[in-house]
Amino acid sequence: MAAESPASGIGQGRFEVGDAFRRFADFVPLMMWRADPEGHAVHHNECWLEFTGRSAEEEIGDGWRRGLHPDDFARHAALVAEAYAAREPFTVEFRLRRHDGSYRWLLETGRPLEDDAGFHGYLGSCFDITDRKHAEEHIERALAEKEALLAEVYHRVRNNLQVMVSLIGLYGRAAPDPCRGSFEALGQRVRAIALVQQHLHEAPHIASIDLREYLHRLASGLGQLRRAGRIGVTVDGTGTGYVEPRTANALGMIVAEVVAECLDATAETVACTIAITIDAAAGGPVRLTIASGVGDGPEGGRPDVPKLGPRLIAAYAAQAEIAVRGTATTSDPLELQLPETRAGAAS
């Protein structure tokens, strides 16, 4: 806003506010103020005075500062002083006492008034943002409670899975020789489930999970979980995508099962490779292909372990409404099409 004419500007060393500005400011349904070049208030409009319940004379100069919340006084003064020194606009949030004695949060914006004649002070306005601040505080508390609950749930799930692995191991060691392989495979799958849950819990944004980053972390963990050094999981492709927790959980379980199937079908000395390719073109559905292969080495595997991979993969996919086809081999890769992310889940 431009400064007023010299006739209503600086007079006898004091900044004066013209009648035209007063009429304009009092007409605006918004708290407004004006300050002189030294930072002293020279006018508050009717909306401001109605808010504070004080007279114009009481608010002039630094009088209005008596309504500032004690905890905001120093911060507000420092920020405004810095803006004045640089003659730059400023925005600050602070609490001001209302006519009923309650403190309300205001969003204040001030702009310097300058023209060819020089610097004439600042013009500012204030919005009551108390409801917004309360909503933000409520959201922060809810998020903190949610994080605490998720941490507690994860802690309990992890402990329960550890107990399950121990029980499976005990039963496996007591089982007849032909059954021990199945018990061992079951225990390894439960450990993979625990790993999937760990990486979901560690995701930066649990409501919207970066697919590529999540699969990279999970692949690294699965590569060390069993037959370390002889299994490699790569994630490649174009684009990325954000998925909801249930989709990420199902994908993690599917990848873990493909890895387990490859390991179960090969000898301990054979290297397994799992290639995951992401196709996440902008505006289209997110698709993945997963193919497993083996390096040179003796054939073998574990004939005592039932081949349940296709059934488990189909079940995991159905839970998250993922379209699936293929067998995850190099000649017939597993093809997955993810469901559309609900509005608000992507970031």
Side-chain angles (χ1 to χ4, degrees), residues 189 192-193 195-266 270-296 309-310 312-347:
R189 279 165 171 79
I193 293 173
L195 187 65
V196 171
Q197 300 307 309
Q198 174 187 334
H199 286 293
L200 281 176
H201 177 71
E202 293 175 351
H205 304 287
I206 187 64
S208 181
I209 298 171
D210 185 312
L211 180 60
R212 182 179 295 274
E213 190 270 343
Y214 166 69
L215 289 178
H216 268 295
R217 289 190 295 109
L218 180 61
S220 177
L222 289 171
Q224 299 299 317
L225 191 62
R226 178 179 167 194
R227 205 185 298 181
R230 291 190 175 275
I231 178 169
V233 184
T234 62
V235 181
D236 206 346
T238 58
T240 187
Y242 292 90
V243 296
E244 299 170 8
R246 69 166 188 162
T247 303
N249 180 72
L251 281 175
M253 300 298 293
I254 290 171
V255 172
E257 187 56 36
V258 171
V259 171
E261 282 280 292
C262 186
L263 294 172
D264 288 342
T266 57
V270 174
C272 287
T273 60
I274 311 295
I276 303 174
T277 304
I278 300 174
D279 178 8
V286 178
R287 295 185 175 88
L288 289 87
T289 58
I290 305 175
S292 63
V294 297
D296 296 333
L312 292 174
I313 290 172
Y316 295 143
Q319 288 177 357
E321 300 177 2
I322 297 174
V324 59
R325 64 168 299 278
T327 59
T329 62
T330 52
S331 59
D332 185 25
L334 191 67
E335 297 179 358
L336 307 171
Q337 180 171 315
L338 309 188
E340 291 187 9
T341 302
R342 290 194 297 267
S347 62

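Starting from 1, each residue takes its place in the sequence as its number.
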When rounded to the nearest 0.5 angstrom, what is the spacing between [atom1] in [X] and [atom2] in [Y]?
X: H199; Y: H216; atom1: NE2; atom2: NE2; result: 13.0 Å
X: Q337; Y: E321; atom1: CD; atom2: CD; result: 12.5 Å
X: R325; Y: D332; atom1: CZ; atom2: CG; result: 5.5 Å
X: L251; Y: L336; atom1: CG; atom2: CG; result: 6.5 Å

[X] and [Y]: which non-hydrogen atoms are nearest, and at how many Å?
X: A280; Y: G241; result: CB-N, 4.3 Å
X: T289; Y: P333; result: CB-CB, 4.5 Å
X: I193; Y: M253; result: CG1-CE, 3.1 Å
X: I278; Y: G239; result: CG2-O, 4.3 Å

Does the side chain of [Y] come within less than 4.5 Å of [X]'s, by heavy atoms?
X: Y316; Y: N249; answer: no
X: D279; Y: T238; answer: yes
X: I254; Y: V324; answer: no
X: P339; Y: I322; answer: yes

Is it the case that the side chain of R189 and the backbone of E257 share a donor-acceptor pair, with hydrogens and angles ignored and the cut-off at 3.5 Å?
no

Within the distance-only criterion (no hydrogens, no angle test), does the side chain of T247 pair as donor or acceptor with the backbone N or O of A320 below 3.5 angstrom?
no

Picking from I276, V258, L215, what satisfies side chain to side chain contact (heavy atoms under 4.5 Å, CB included) with V233?
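When side chain to side chain contact (heavy atoms under 4.5 Å, CB included) is applied between V233 and each of I276, V258, L215, only I276 qualifies.
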
Which of these, V235, L200, V243, sits in a side chain to side chain contact (heavy atoms under 4.5 Å, CB included) with Y214?
L200

May I ask you to say whether D210 pairs ionically with R217, meaning some side-chain N is under 4.0 Å from a carboxylate O?
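So D210 does not pair with R217 through a salt bridge.
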
With a 4.0 Å cut-off, would you call E335 and R287 a salt bridge?
no

Check the pair I274, L222 against side-chain contact (heavy atoms from CB on, under 4.5 Å), reporting the backbone distance first and the verdict last.
CA-CA 11 Å; I274 311 295; L222 289 171; over 6 Å; no

